[in-house]
Number of protein chains: 2
Amino acid sequence: MANTEAHGLLDDLHDLVETRLRRVDQRYTAGRRAIIDLIVTAGNPVSIADIATRLPDLPRSSAYRNLVDLESAGLVRRIVGHDEFARFELAEDLTEHHHHLLCVACGKVIDITLAAGLERNVSEAIEEIASVEGFRPHGHRLDVLGVCGACA
Amino acid sequence: MANTEAHGLLDDLHDLVETRLRRVDQRYTAGRRAIIDLIVTAGNPVSIADIATRLPDLPRSSAYRNLVDLESAGLVRRIVGHDEFARFELAEDLTEHHHHLLCVACGKVIDITLAAGLERNVSEAIEEIASVEGFRPHGHRLDVLGVCGACA
DNA sequence: ACTTAGACTGAGACTGAGTCCCATTGCAAG
DNA sequence: CTTGCAATGGGACTCAGTCTCAGTCTAAGT
Ligand SMILES: [Mn+2]
Ligand SMILES: [Mn+2]
Ligand SMILES: [Zn+2]
Ligand SMILES: [Zn+2]
């Protein structure tokens, strides 16, 4: 192990998560760390079923509670897809602003990123319309409904 | 009542709905008609609670079943907003393509329409990205999260 | 080292929007 | 009429998600 300055990107993320949790008097326990690890490792948003499968020793009640806590701390985002199951991914300020393809057949969620210019146009149009309606926008989500390659 | 050619826009809609239902061997019963009336009359998408309030004599099980049937017939669209309650509106081929402002405080849903040009740009970008992912897109939804005027 | 406050855990009870069941009723075609 | 389904409605049921609570862990203070 010649590398002593060691910290990889994943370790940096864990440090950041820990700092954010500490800021609200929360601890970065093994269960929470395992959930963050899983969310980052999986390419796509993960469901409770995914967590139960990949982390069989983490009780469901703890998984649900940890996800609520991580969401409250602004570290994790809950996604309501096309099926009845919630899914979870890293919050956008830990990754980048993006959107989703939702498979109406199997419920799979795939991340996509729009061109910056188009994203800007959308945001401006939203600001415009919202102000007319007396609505204060915090953000937006664009979901594409369709059928994924595996289900075609 | 001097007007004998009578059929208003609402009547035309009812006729269209009846035709579409007949096409799939379904009947346009009083309960279903009342639900369509309510959905059209209300400016915004309606929840089951709205239906229970405005149509107190329509049993919940019938309301849910009718909504499922109307959705299957492509006449009504189910909206998953920011709260835990589903809402319902006319399907887009009975109105026009549009999107929603979602109040994160009270759950209210407000219809909005984007400029046609922007809408086209979004659709094209989606086609492009989806094809790269091997995903066959059927449509999209754009939800703006924020706080409505009443909740500000 | 010991204490202590409160964050955290886990097993299970509970909630409630939405679905299913089934006996009964309505309705349209022949 | 009759006959085959569509439709009804009251209530039982499902199950993802939430809540409870007694016990445990952890960090900070002394
Ligand atoms: Mn994502
Ligand atoms: Mn709408
Ligand atoms: Zn799929
Ligand atoms: Zn509101």
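Within every chain, numbering begins at 1; the chains are lettered A, B, ... in the order of the sequence lines, protein sequences first and strands thereafter.
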Would you find a donor on one side and an acceptor on the other, under 3.5 Å apart, between the side chain of [X] and the backbone of [Y]?
X      : Y      : value
B:H98  : B:E96  : yes
B:D50  : B:S47  : yes
B:S123 : B:E119 : yes
B:D11  : B:G8   : yes
B:H138 : A:G146 : no
A:R87  : A:V80  : no

Practice prompt. Using a 4.0 Å heavy-atom cut-off across all strands, classify B:T29 as base, sugar-phosphate, or nothing.
Written response: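 The answer is sugar-phosphate, as B:T29 gets under 4.0 Å only of primed atoms, P, OP1 or OP2.
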Worksheet item: At under 4.0 Å between heavy atoms, what does B:D69 touch on the DNA or RNA strands: base, sugar-phosphate, or nothing?
Response: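 It contacts nothing in the nucleic acid.
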Nearest whole Å is fine: how far is [N] [atom2] from [X] [atom1]?
X     : N      : atom1 : atom2 : answer
A:N66 : C:dT9  : CG    : C1'   : 9 Å
A:D57 : C:dG10 : CG    : P     : 9 Å
A:E18 : D:dT26 : CD    : P     : 13 Å
A:R33 : C:dA7  : CZ    : C1'   : 17 Å
B:Y28 : C:dC27 : OH    : P     : 15 Å
B:Q26 : D:dG4  : CD    : P     : 20 Å
B:L21 : D:dA7  : CG    : C1'   : 12 Å
A:F85 : D:dA16 : CZ    : P     : 5 Å

Fill in: Residue mapping more 5' on DNA chain C - nearest nucleotide basis, B:R60 or A:R27
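Checking each residue's closest nucleotide, the 5'-ward one belongs to A:R27.
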Worksheet item: Hey, what bend do you get for the helix from C:dA1-D:dT30 to C:dG30-D:dC1 if you fit axes on five pairs at each end, rounded to 10°?
Response: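 The end-segment axes of the helix from C:dA1-D:dT30 to C:dG30-D:dC1 are tilted 30° relative to each other.
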[X] side chain near [N] phosphate (N/O to OP1/OP2, under 4.0 Å):
X     : N      : result
A:Y64 : D:dT18 : no
B:S62 : D:dT8  : no
A:S61 : C:dA11 : no
A:R32 : C:dC8  : yes
B:R22 : C:dA28 : yes

Item to complete: Kindly assign one of parallel, tilted or perpendicular to the pair A:H140 and A:H97, based on the angle between their ring planes and the thresholds 30° and 60°.
Response: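 Answer is perpendicular, since the angle exceeds 60°.
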Discussion item. On the side chain of B:R65, is there an atom forming a donor-acceptor pair with the base of D:dG9 - under 3.5 Å, no angle test?
Written reply: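 Donor-acceptor pair under 3.5 Å: yes.
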